[in-house]
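One structure below.
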Protein chains: 2
Amino acid sequence: MRSYNQYCGLARGLDVIGDRWVLLIVRELLPGPRRYGELHDGLPGIATNLLAERLRTMQERGLVEKLDDDRYALTELGEGLREVLYAIGRWAYPLMGEQEPDEAFRSHWIVHPISAMFPGIDESRPEVTIEVRCGDTPMTIRSHAGAVTAQHGPAPAPDVVLTGPPDAVVGFIAQRIDRAEAEKRGLAVAGDVRALKRLRPAVPTARRTSA
Amino acid sequence: MRSYNQYCGLARGLDVIGDRWVLLIVRELLPGPRRYGELHDGLPGIATNLLAERLRTMQERGLVEKLDDDRYALTELGEGLREVLYAIGRWAYPLMGEQEPDEAFRSHWIVHPISAMFPGIDESRPEVTIEVRCGDTPMTIRSHAGAVTAQHGPAPAPDVVLTGPPDAVVGFIAQRIDRAEAEKRGLAVAGDVRALKRLRPAVPTARRTSA
DNA sequence: CTGCATCCGGGCCGATACTG
DNA sequence: CAGTATCGGCCCGGATGCAG
């Protein structure tokens, strides 16, 4: 992208991250290093030449590095974009209605809203394992030792199994819609749902505004 | 911009704000409503047809509204992008070296880094008025009743007058560079600088990471 | 003069085909 | 699997025109 040529933090930042697909590539790399094909799978709609070209310029700009095993990883600078992505995600939440017919979905995308909703360590969180089945691959969300994490694959012994479309699943975990509403949107619940209710998501609008 | 067609908060958000110039237009409107010509002046490099087209689609998407006096203003949704802009600005700060020869600058842009550095109300802040002369128009930064505000125009009776290139001025106010370094970069200081030191900017990396 | 609309050249994007 | 090559089309940028 052509530079804005403005001596302004926002403009200079956008010179680096404003190109199409760049922040979505960062989204794919935030959970950890990925190979070219994995990135391509996680970015439905991207042209293969564009992915290659973006990865090249993102390396030049210090956002991404290529590991010895040929996987791509975020640098420290690139990792710093997590706050930018989460800010956009929080802002865009009201825009998230139901999934449109032509919209692609990958189950691993829910890692980010889940992480943003249950940040940091909270010892009072219950121990709970949730298996989520929406989209291409089952995901396991685990609250353990006060931290909430998510990873690919089914859970060996889940306390709860949630099956359904992404908006119903994520909305229900975040407790932004109740069970009746979630089931109306296609959610199926198996197992003991009580522990889930004690996960206590961060208040959606909790933002520090004064020093 | 063509939609990403991904059911993901980041992707849907970027469908709305990912177009070139959109976030810079938000930057111009965050301090308050502006007329078309004022926007054009504050966005050096934008083509006039693009500004018109962006304002049109930003209205359609609910970011901007046109007031009765023909000025453009942010809606509540658009105002919500402040956190996104500040997140990008914080991230981009390490990219802000000196101003390049071909980079444009407008003095009112410093309102945002200043606001981001001295957020909210802090009763212990000293009363101080600073006149800043860098760029096209003098700006007045005022710490009053615990709040730090900035506006166009010279100050009637400033405690301090700072003259010089933007990187030196902003870096010095933020206390990220000391006076010697700032003067080496071209800063000229007039008046009593002691009150300024007690403004106590927010810690640059002060971010809540755990609930 | 302000606030756009029109036109045109160039660059970026998207889709497909192809290669080691 | 991991890209490269190519090409049509759309978007962007700059100049210009024009109505109130």
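Just so we're on the same page: letters track the sequence lines, and every chain starts at 1. Values below: every heavy atom of this structure, side chains too, minus hydrogens, waters and symmetry copies.
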Do you know which two heavy atoms are closest between Glu131(A) and Pro138(A), and how far apart they sit? OE2-CB, 4.3 Å
Looking only at non-hydrogen atoms, find the nearest pair between Arg27(A) and Ala11(B) and report the distance.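 The answer is NH1-CB, 4.4 Å.
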Is a side-chain donor or acceptor of Glu28(B) paired with a backbone partner of Ile25(B) at a separation under 3.5 angstrom?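 Pair absent, no side-chain N/O of Glu28(B) close to backbone of Ile25(B).
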Check whether Thr129(A) reaches the backbone of Arg142(A) with its side chain - one donor and one acceptor, N or O, closer than 3.5 Å.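 The answer is no, because no donor-acceptor pair under 3.5 Å joins these two groups.
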Check whether the side chains of Arg90(B) and Tyr86(B) place a donor and an acceptor atom closer than 3.5 Å, and report yes or no.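 Checked: Arg90(B)/Tyr86(B) side chains show no N/O donor-acceptor pair below 3.5 Å.
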Checking side-chain polar atoms at under 3.5 Å, does Tyr36(B) have a donor or acceptor matched by the opposite partner on Arg71(B)?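 Tyr36(B) vs Arg71(B): no donor-acceptor pair found between side chains.
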Ion pair check, [X] and [Y], cut-off under 4.0 Å:
| X | Y | value |
| --- | --- | --- |
| Arg185(A) | Glu183(A) | no |
| Glu181(B) | Lys184(B) | yes |
| Arg12(B) | Glu103(A) | yes |

For a quick check of understanding: with a heavy-atom distance under 4.0 Å over all strands, which category does Arg56(B) fall into, base, sugar-phosphate or nothing? sugar-phosphate
Just wondering, more than 12 heavy atoms not from Arg35(B) lying within 6.0 Å of its CZ? no
Bend across the helix from dC1(C)-dG20(D) to dG20(C)-dC1(D), to 10°, with axes taken over 5 pairs at each end?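 Answer for the end axes of this duplex: 30°.
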Determine, for Tyr93(B) and Arg176(B), whether the Lys NZ or Arg CZ falls below 6.0 Å from the six-membered ring centre while staying within 45 degrees of the axis.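 Yes.
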Do nucleotides 5-20 of chain D as a string where each nucleotide becomes B, S or -: B if the base has a protein heavy atom under 4.0 Å, S if just the sugar-phosphate does, - if no protein is that close. BB-----SBB-B----
Range on DNA chain C touched by chain A, heavy atoms, distance below 4.0 Å: dC13(C) to dA17(C)
Among residues 99-109 of chain A, which contact DNA chain C at a heavy-atom distance under 4.0 Å?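 By residue number: none to list.
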Going by heavy atoms closer than 4.0 Å, what residues in residues 34-44 of chain B are next to DNA chain C?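 Within this stretch, Arg35(B), Tyr36(B), Gly37(B) sit under 4.0 Å of the strand.
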Chi angles and distances behind the salt bridge (Lys or Arg N to Asp or Glu O under 4.0 Å) call for Asp15(A), Arg61(A): CA-CA 10 Å; Asp15(A) 283 346; Arg61(A) 292 169 178 179; over 6 Å; no
Please determine whether side chain to side chain contact (heavy atoms under 4.5 Å, CB included) holds for the pair Ile141(A) and Ile173(A), giving the CA-CA distance in whole Å, both sets of side-chain angles, and the decisive distance to 0.1 Å. CA-CA 10 Å; Ile141(A) 299 166; Ile173(A) 296 177; 3.8 Å; yes
Start with the C-alpha distance between Glu65(B) and Tyr72(B), add both sets of side-chain angles, then the distance that settles side chain to side chain contact (heavy atoms under 4.5 Å, CB included), and finish with yes or no. CA-CA 6 Å; Glu65(B) 58 190 348; Tyr72(B) 294 91; over 6 Å; no
For Arg20(A), give me all partners under side chain to side chain contact (heavy atoms under 4.5 Å, CB included), at least two apart in sequence or on another chain.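 By the side chain to side chain contact (heavy atoms under 4.5 Å, CB included) rule, Arg20(A) matches Arg54(A), Met1(B), Arg2(B), Tyr4(B).
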